[in-house]
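Below is one structure, written out as structure tokens; the observations come after it.
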Amino acid sequence: MIESSLLGWIIGSVFFSSVFIMLTSLYAKDNDDIPQSIYTLLGLGGPAISLLFSAMLMLEFYQDANPFYFKAFSWLDIEGFKVDAALMLDALGVAMLSFVSFVGFIIHLYAHAYMKDDPSYARFFAWFNLFMASMFLLILADNPIMLFIGWEGVGLCSYLLISFYFESEENVEAGNKAFILNRIGDFGFLSGLALLFIYLGNTGLDFASLEANIHLIKPSTLNLIAFLLFVGAMGKSAQIPLYIWLPDAMAGPTPVSALIHAATMVTAGVYMVARFHFLYAITEEIGLFIAYVGAFSALLAALIAMRQDDIKKILAYSTMSQLGYMFMAVGLGAYSYGIFHVFTHAFFKALLFMGAGAIILVLHHEQDIKKMGALKHKMPFIFAMMLIATLSISGLPPFSGFFSKDAILNHLFASGNYPIFTMALLTAGLTSYYMFRLLLLVFISPSSKEQHLLPQNKLINITLLILSIGAIFAGLINLPAFFGGNENYSLWLNLPDAHFHLSHSTEFILLSVNITVALSGVYFAFSHYRQSSKDPSLGFLDKPIKNKFYIDEFYVMIFVKPLAWLSVFFVKVVDEKIIDAFIHKISFGYQRLSYYSDNVQNGNVRYYALYMSVGIVCIFVYLGVS
Amino acid sequence: MIDIGSFFILGILLFSIGIVGIISRRNIFVMYMSVELMLNAVNLILVALSHHYEDLNGQVMAIMIIAIAAAEASIFLALFVMLFKNAHSLDANFFELLAQEKHND
């Protein structure tokens with residue numbers, strides 16, 4: 001353990017830049033003379049410094065593999081129960097920090113280019129930096145309580161950023177939806193923490209002591225804790241049944257979507273499960289449950305994404321689907337593969353969102369892919385970038401997504417959970433289908449009308465280029481033995497993965513199956529959307545898929561409507577007719593009473609004299625009696 | 001020699017008459033006279049007790065009270081003159097400035 005205050009400053013620099021932006025913009029409310037460059041300097045400077053510090057620490061960690069520790073202050077110290085405001089950076093933290101700080105910074109650069117004409121530029125960067133700070137806190141936390149602060153912080157910032165364009169009610173509703181569903185998840189997470197506190201509160205709540213003492217809890221309680229913590233992850237990482245906020249979260253500006261989906265927020269759930277690996281490693285039923293939730297989420301999201309028309313919503317569902325993969329991996333004990341997929345996913349998903357954002361900007365904020373088409377020659381660079389990202393997410397070699405997805409699929413097969421494996425494989429095929437549908441509809445398929453294009457932004461293209469390098473090569477860091485590597489990344493992460501052996505021939509067959517499935521998805525997409533921009537019918541599945549399986553409507557019917565009805569009942573009947581009526585009666589009674597007692601104080605001296613003499617008589621009678 | 005109890009009875013009677021006078025009469029002059037009556041009832045008892053215990057302190061106190069009552073009288077009478085000049089009334093019920101304003105509800 002090395003003490004290093006740099007850990008604190010990774011969070012501090014983005015946090016303080018956020019605070020400074022808030023203060024400056026508050027000051028600027030009355031003085032319009034603050035140039036935007038100041039906000040740019042603060043907004044980009046904070047993440048840049050964080051990136052620098054993270055890089056320094058990560059380099060040092062890479063050399064001697066010694067975790068860093070930083071204790072800011074002792075937060076709680078009550079009779080043996082101790083919680084420190086402490087940060088810690090180990091291999092898992094480095095794995096997360098590497099892409100959060102890097103991709104986060106690139107998205108900040110992109111956001112500067114994307115948002116520079118927005119009147120709320122300052123507000124945007126204040127929330128954006130706070131978002132990064134919360135995510136850093138979540139990653140670097142030394143105990144679950146610090147983690148929870150970051151956890152709530154990203155929830156808050158996602159709410160603020162999703163409803164960033166609050167002038168429109170739809171966006172505010174989307175923000176509320178995200179916040180409320182996250183709160184439901186957080187409730188589970190908090191209950192899990194409370195149980196941990198009850199059982200292990202007096203032996204220390206930091207991750208190291210939890211890991212050392214986890215065996216003190218009996219297995220049934222452990223299962224409950226593991227489940228409750230995962231409920232939190234369901235909300236944060238948009239899994240069934242708490243996923244419906246994610247597609248609506250597209251109401252925010254595109255950089256926000258990129259940040260939520262690539263670097264921060266949704267990966268928090270996977271990270272949390274990996275961080276609690278010592279807990280999930282001994283609760284296998286819950287692990288299996290997580291894997292099934294992931295599998296169903298992945299499949300459902302992929303199905304829905306097949307027939308969506310909003311470019312950002314397709315990407316949102318693809319994120320949910322990819323998160324499903326990650327949960328399948330961590331649920332079945334392949335923590336390092338899960339984190340590895342988080343890592344590669346950050347690059348290609350950020351690239352996809354930023355490419356989509358670039359297209360949206362060029363097309364005057366048009367998001368409907370049905371209205372796009374034949375843009376390949378008009379923006380060849382963005383096409384190339386989107387192609388790289390699409391190939392990567394489809395899991396085609398040699399792009400980064402291939403390696404991480406292949407590792408997960410192999411693990412699923414090797415672990416013997418064939419239903420999960422089948423769903424994952426099906427999802428892989430669907431993924432390549434809907435991603436290529438998107439690509440073809442935007443860039444290749446014939447366009448019906450003439451489009452007027454705005455010029456492209458240089459800075460945006462540069463950021464895309466940087467990320468595309470990651471999207472191509474990020475997979476190489478964990479080259480499996482089959483390709484002549486030795487899984488450096490997994491070894492280095494040093495998480496207690498469940499290992500299953502597969503013979504080389506099996507691996508080869510799996511590999512070819514995976515690639516074939518992905519390619520067949522590509523083929524189906526190509527065979528149709530090259531010439532036409534109309535969707536072919538999917539038979540009886542057509543309508544449910546287009547309507548997202550009516551799940552939003554279902555939730556509205558099951559939860560929202562009864563709640564609304566109940567609150568109307570409480571307002572109109574219980575509050576007005578019962579509680580208010582009762583209180584009005586009481587207050588009316590007091591009013592009558594005061595009307596009568598008012599006569600006593602009539603200002604007439606003679607009456608006062610009478611009261612006095614009555615009082616004196618009473619006193620004397622009392623004295624005489626006693 | 002008159003029994004001291006008789007003095008007490010007379011004092012209490014005078015005092016009670018004073019109190020009843022204050023409470024029941026509306027004329028400020030009469031109310032003032034009742035106050036004087038109460039003072040003198042106390043004086044009477046003080047003097048009687050002083051005689052009974054053969055201690056002059058009670059008589060000194062009574063003379064003090066008579067002197068102060070005389071001073072009071074001048075202030076009271078001046079106040080009454082001012083009251084009558086301002087309000088053209090010496091009815092005690094008329095002066096209800098201490099009461100809170102009545103709402104007609």
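Bear in mind the structure is a predicted one, so any value in this text is a computation, not a measurement. Residue numbering restarts at 1 for every chain, and letters A, B, ... go by the order of the sequence lines.
Counting non-hydrogen atoms of neighbouring residues, nucleotides and ligands closer than 6.0 angstrom, the CZ atom of B/Phe94 reaches no more than 12 such neighbours. Annotation: A/Phe15, atom CZ; neighbour count of heavy atoms from other residues, nucleotides and ligands within 6.0 Å does not exceed 12. Within a 6.0 Å radius of CD1 in B/Ile2, no more than 12 heavy atoms belonging to other residues, nucleotides or ligands are found.
Residues of residues 59-80 of chain B lying under 4.5 angstrom from chain A, judged on non-hydrogen atoms, do not exist.
By the side-chain contact (heavy atoms from CB on, under 4.5 Å) test, A/Tyr165 pairs with A/Met115, A/Asp118, A/Glu167, A/Asn171, A/Pro253, sequence neighbours left out.
Sorted by first and then second residue, the pairs that involve residues 5-30 of chain B and meet side chain to side chain donor-acceptor pair (under 3.5 Å), not counting sequence neighbours, are B/Arg26-B/Asp91.
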Without placing hydrogens or testing angles, list every side-chain donor-acceptor pair under 3.5 Å for residues 570-584 of chain A, not counting sequence neighbours.
from	atom 1	to	atom 2	distance (Å)
A/His584	ND1	A/Asp580	O	3.4

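Listed options B/Asn93, B/Ile19, B/Ile22, B/Val20 were ranked by heavy-atom pairs under 4.5 angstrom with chain A; first place goes to B/Asn93.
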